[in-house]
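All remarks here apply to the structure that follows.
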Amino acid sequence: MHRRTFIRLAGGSAVLAAAAAGSWAWAGARVFPVPQGAVAAWAAAGQDAEPRRFALAHAILAPNSHNLQPWRADLSVPGVIGISLDPARMLPETDPYNRQITMGLGTFLELLEMAAAARGFQAQTTLFPEGVPGERLNGRRLATVRMVEDPQAATPPLFAEAARRRTDRRAYDPSRPVQAGDIAALVAAAQPGDGLRAGVATGRGQVAEIRRIAREAWAQELLTERTFMESARVLRIGTSEIERHRDGIVIVAPMLVLLERSGLYDRGVYPAPDSIAITSQIAEFDAITEATAAYLWIVTEGNARAAQVAAGRAYMRMALEASARGLALHPNQQALQEYPQVAPHHAAIHELLDAPRPANTVQMLARLGYPSAGASEQPPAPRRGLEAHLTG
């Protein structure tokens, strides 16, 4: 949920590419850990005594598109958290109707409410208190959360995975099919019902077809200049940029960082479609896709904002369950995006998952499997930290 990066040498005569994919996750070619300051929020999440801050410190660990972490939290009213969106942290090219951002609100709220319960509070959430947004999100408040002490509140079992959850963009072990018990637990964690369905595709024919659609949609995003360049604008190359921004698509591969520091990388130039910057990324994504034995999916009735939030909540619970069971998970959202060039793939995935439009919407598609034998532990993604999200 791996993302693409590219390096272009002066004059355009040669290109080195480090490939990645997945609209819901930061990524990059990593050799050394990211700076400790950039990931400090993961260890700090349990240290704040004030209940609202404790809840928010965990909520900011939720997955979100391109790791842009767009949420603002207003604490000016005692016992209340007002949630809004930073409009500068949106993805107008790959997420033109803010569907993925709204799902991200769901993942954020799910972790917030779990954390509140862990501290003995009920988080009473009101969605869209200033009116439901239309085709695109605006400056209106997206949620109001009232923290109410609750003697009956108990720590949700999955909350233990909040700081351990990762997105794994690597190839998985193709020899290990996902076990039936794990699939059942993942589907149960989604809490299907009220117009929401979830499942895991494991059949050879269906998985092969999902792979094909995912590969073609990924290639289309690379071959569409404006969607490719949207990611280029949020690259964070090397420790100083990563430490300064603590968001976006992270690159710490030594060779790529060296080229950037040498002035040989122009992140403002779109590479030619037949360049190594494009073809190598397609080849790497194809290889990762081929090493995927199963796909997790979430479908809702319709595509209302409330349904998008519910899908995000369901995905958050499924991701925590996957973490608890040692499963690797990586969103592949390219075929679900709504810009014109990807429309055929959008239609194909809906047909394949028996989710005819417009009555249904496939909200999430993610690679699922077990990490390859001997794979190193995935490091956490950078986070901007709690204070960066507070507005009052």
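Heavy-atom basis, side chains included; hydrogens, waters and symmetry copies ignored.
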Candidate pair R383 and N67, rule side-chain hydrogen bond (donor to acceptor under 3.5 Å, both in side chains), full reasoning: CA-CA 8 Å; R383 286 294 185 268; N67 194 34; 2.7 Å; yes

Can you tell me how far [atom2] of [Y] sits from [atom1] of [X], rounded to the nearest 0.5 angstrom?
X    : Y    : atom1 : atom2 : value
Q308 : L127 : CD    : CG    : 11.5 Å
I60  : L112 : CD1   : CG    : 11.0 Å
Q220 : E216 : CD    : CD    : 9.5 Å
H330 : Y295 : NE2   : OH    : 9.5 Å
T144 : E130 : OG1   : CD    : 7.0 Å
W71  : L85  : CH2   : CG    : 5.5 Å

[X] side chain to [Y] main-chain N or O, any donor-acceptor pair under 3.5 Å?
X    : Y    : answer
T361 : G302 : yes
R119 : P51  : no
Q124 : V148 : no
Q333 : Q363 : yes
Q69  : R384 : yes
R136 : P96  : yes
T289 : F285 : yes
T224 : E221 : no
T300 : G195 : no
R140 : P133 : no

Minimum side-chain heavy-atom gap T167-R165 below 4.5 Å: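 Yes. Closest side-chain heavy atoms under 4.5 Å.
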
Side-chain heavy atoms of I81 within contact of L56, under 4.5 Å: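 Yes; the side chains approach each other to less than 4.5 Å.
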
Six-ring centre of W42, R166 cation under 6.0 angstrom, axis tolerance 45°: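 Yes, a cation-pi geometry holds between R166 and W42.
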
Cation over ring face, R367 and Y172, 6.0 Å, 45°: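 Positive - R367 is close enough to the ring of Y172 and near enough to its axis.
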
Check: S84/R141 side-chain N/O donor and acceptor closer than 3.5 Å: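 No.
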
Only distances under 3.5 Å count here; give the side-chain donor-acceptor pairs of residues 176-192 to other protein atoms, sequence neighbours excluded, each with its distance to 0.1 Å.
| from | atom 1 | to | atom 2 | distance (Å) |
| --- | --- | --- | --- | --- |
| Q179 | NE2 | P177 | O | 3.2 |
| D182 | OD1 | R325 | NH1 | 2.8 |
| D182 | OD2 | Y370 | OH | 2.7 |

Test: [X] and [Y] ion pair at under 4.0 Å:
X    : Y    : value
D247 : R89  : yes
R226 : E230 : no
R267 : E241 : yes
E113 : R313 : yes

Cluster overlap I213 with L353, hydrophobic side-chain contacts below 4.5 Å: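 Shared cluster, yes.
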
Atom CD of E351: over 12 foreign heavy atoms under 6.0 Å: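 Open.
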
side-chain contact (heavy atoms from CB on, under 4.5 Å) against A355, all qualifying residues, sequence neighbours excluded: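 Testing A355 for side-chain contact (heavy atoms from CB on, under 4.5 Å), a comparison that skips the adjacent residues, returns R197, V299, H350, N360, V362.
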
Salt bridge (charged side-chain N to carboxylate O under 4.0 Å, His left out) against R164, all qualifying residues, sequence neighbours excluded: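 R164 satisfies salt bridge (charged side-chain N to carboxylate O under 4.0 Å, His left out) with E161 only.
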
Aromatic ring pairing F228/Y270, orientation class (parallel under 30°, perpendicular over 60°, tilted between):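 F228 and Y270: perpendicular rings.
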
